[in-house]
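Contents: one structure, followed by commentary.
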Amino acid sequence: MRIEQHLEARARAAICECLGVQAPALIRPTQDATLGDYQLNGLLPLSKQLGKPAKELATSVLPGLLKVPTIASATVAGPGFINLTLAPAWIAKQLQDDMGQSRLGVTPADRPMRIVVDFSAPNIAKRMHVGHLRSTILGAALVKLLRMIGHAVIADNHIGDWGTQFGLLLAGMKRTESSDPLRHASVEALERIYQDATALAKSDASFLEEARAELAKLQSGDSENRSIWERLVSISRTELEQLYALLDVSFDYWLGESAYHNMLEPLVNALLEQGIAILDAGAICVFFTEPPELAALKTPLIVRKSDGAFLYATTDIATVKYRYEHFQAEVCLYVVDSRQKLHFKQISAVIAKLGLPVTLKVVDFGSILGADKKPLKTRDGGTIALYALLEEAQARAAEAVKEEGLDVSEQEMLRVARAVGIGAVKYADLRQNRLTDYQFDWDKMISFQGNAGPYLQYAYARVRTLFQKGGLDFDAFEAAPITLAHPSELSLAKQLLRLDEVVHQAAESYLPHVLCDHLYAVARQFSNFYQECPILKAAPKERLSRLSLAKMTALELGMGLELLGIEALERM
Ligand code: ARG
């Protein structure tokens, strides 16, 4: 149940009944829980419209609000807000109902859509960098969140498998007579060839020419280059799959840039024919007269260079067309860093000119910073090897589990260290508003206290252990009637009941940290409740009610962690 939505509808009706006008109630959670649970803010703007003090309006609306069964009390405050407190019996009943449902009461979106999430998308033959890690973690969480509220989501890994790097790689390999990439069967080796070739191309114009020629040969279907390319892609792909397996991230498609190659020529011709693109100094370009911010920039989008080559942008236009035609996509989300915002604004504008009814949305994010507050790099300034980073996370997690004195056997340790280590890295990323930069800090990340992944995993395991201690089968335990007598029971229940609202907010604004904040609040409230209220030792009726509350807590934490891509362990 989406409580804010529910209260908004009821409060609107009360405003209409008592004041005779249709107006938004503007319901928001209160900042200070001692004042009430939700606040009605809509009477302040209304007071200008009706020419009456907001306080007076608020007083007239109160009787209407008090008739709503959900609301236990309503009080006028400040210049004309109304603080609302939910009725405990209603909360208890609602929670019990939600617990019986497989999605814990999470409701579907009003209008389910077909959404392609374009995320991760590393470049072949180059190592993935931390920016790709962020895209991978965020993208995977968004896929799950959007599916949770009923959208049809396609997870697509738009790998960079067709760019200029292949010209350099091919020319570099041929120069050093090492065109057999099997001798360099690691991305690291390919990366070295690529780096040397890039350096050479800067000082040696004839080598740059060679690289161009090799790329052109590849793109026009030369069989030798094609077969080298295929092997390069497969070497990279093997390494990538390993990383995704460790991260437990999967895709429905891997449609990389190369998949669209055959669409590019006809696309550019169509752009010319429709007058969307024009020939300008040998290149084919799209100029923008709208939206105003693109027009003001006066930078055209080049879709074909004067040497005939197509660009990253050309492929992206073709990709949207493909997604519309094959997947009936209505929305494409791009989980990329902020530097690509302009690029996608231009692509969006071209898509609009083409008349394709697809909305493009950039879900951008900030940087991961090192201890020096500069973008995270290795000591010598190189890109961090992600696999090594994740291995370190697991080793550190094993240490932390031992230090914490958790009850984990030698046998279980590997699995626990993996869940805790990888989970901690993911959570550290997801708990931040994606738009902010954040500092990579092992100690804060792998912590059993505070807003960190391990703390939430521990809270989950604690409930499961409680059931075990009581000799109860967690899964078979059925929700009993809940009584919310103790203040810590009531605040836990109120927090738990926010799940539906939170999942919608996180999914609709593409902000997983909203869910993280909620889960952290649930874990904290549970910890208070657990300290203040005996559960197994309580009187029979109370015991059942409290066990129900505990079970709902674990179900919610479990579901929340799953949405974030973090494994919840039954024991630790
Ligand atoms: N390969 C690109 C990069 O590493 C990201 C691709 C994003 N997706 C897209 N459709 N352009 O920066």
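First listed ligand is number 1; within each ligand, the first listed atom is number 1. Quick note: numbers below take in every heavy atom, side chains included, and nothing from hydrogens, waters or symmetry partners. Note that the numbering runs from 1 along the sequence shown for the chain.
Using a 4.0 angstrom heavy-atom cutoff, Asn123 counts as in contact with ligand 1.
When every heavy atom of Lys174 is checked against every heavy atom of Glu224, the shortest pair comes out as NZ-OE1, 3.6 Å. Residues Ser135 and Ser120 approach most closely at OG-N, 2.8 Å, considering heavy atoms.
Shortest contact from atom 12 (O) of ligand 1 to any protein heavy atom: Gln340 NE2, 3.1 Å.
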Next on the checklist: I'd like to know whether Tyr520 forms a ring-ring contact (aromatic ring centres under 6.0 Å, His included) with Tyr455, so could you lay out the CA-CA distance, the side-chain angles of the two residues, the decisive distance to 0.1 Å, and finally the verdict.
Outcome noted: CA-CA 8 Å; Tyr520 179 49; Tyr455 175 72; 5.7 Å; yes
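In terms of modelled atom types and a separation under 3.5 Å, the side chain of Gln165 and the main chain of Gly160 share a donor-acceptor contact.
Annotation for ligand 1: atoms under 4.0 Å from non-hydrogen atoms of Asp316 are 9 (C), 10 (N), 11 (N). Within ligand 1, counting atoms from 1 as listed, the ones closer than 4.0 Å to a heavy atom of Tyr334 are 10 (N). Taking every non-hydrogen atom of Val336 and a distance limit under 4.0 Å, the qualifying atoms of ligand 1 come out as 7 (C). Which parts of ligand 1 touch Phe344 is read off a 4.0 Å heavy-atom cut-off, strictly below it: atoms 9 (C), 11 (N). Atom numbering of ligand 1 starts at 1 in the shown order; those under 4.0 Å from a heavy atom of His132 are 3 (C), 4 (O). Close contacts between ligand 1 and Tyr312 involve ligand atoms 2 (C), 5 (C), 6 (C), 7 (C), 9 (C), 11 (N) [criterion: under 4.0 Å to a heavy atom]. Within ligand 1, counting atoms from 1 as listed, the ones closer than 4.0 Å to a heavy atom of Asp118 are 7 (C), 8 (N), 9 (C), 10 (N).
Between the side chains of Tyr260 and Asp316, no donor-acceptor pair of N or O atoms lies under 3.5 Å. Side chain to side chain, His158 and Glu257 fail the donor-acceptor criterion of an N or O pair below 3.5 Å.
Within the model, atoms CG of Asp196 and CG of Leu169 stand 10.5 Å from one another, a figure rounded to the nearest 0.5 Å.
With a heavy-atom cut-off of 4.0 Å, Ile159 does not touch ligand 1 at all.
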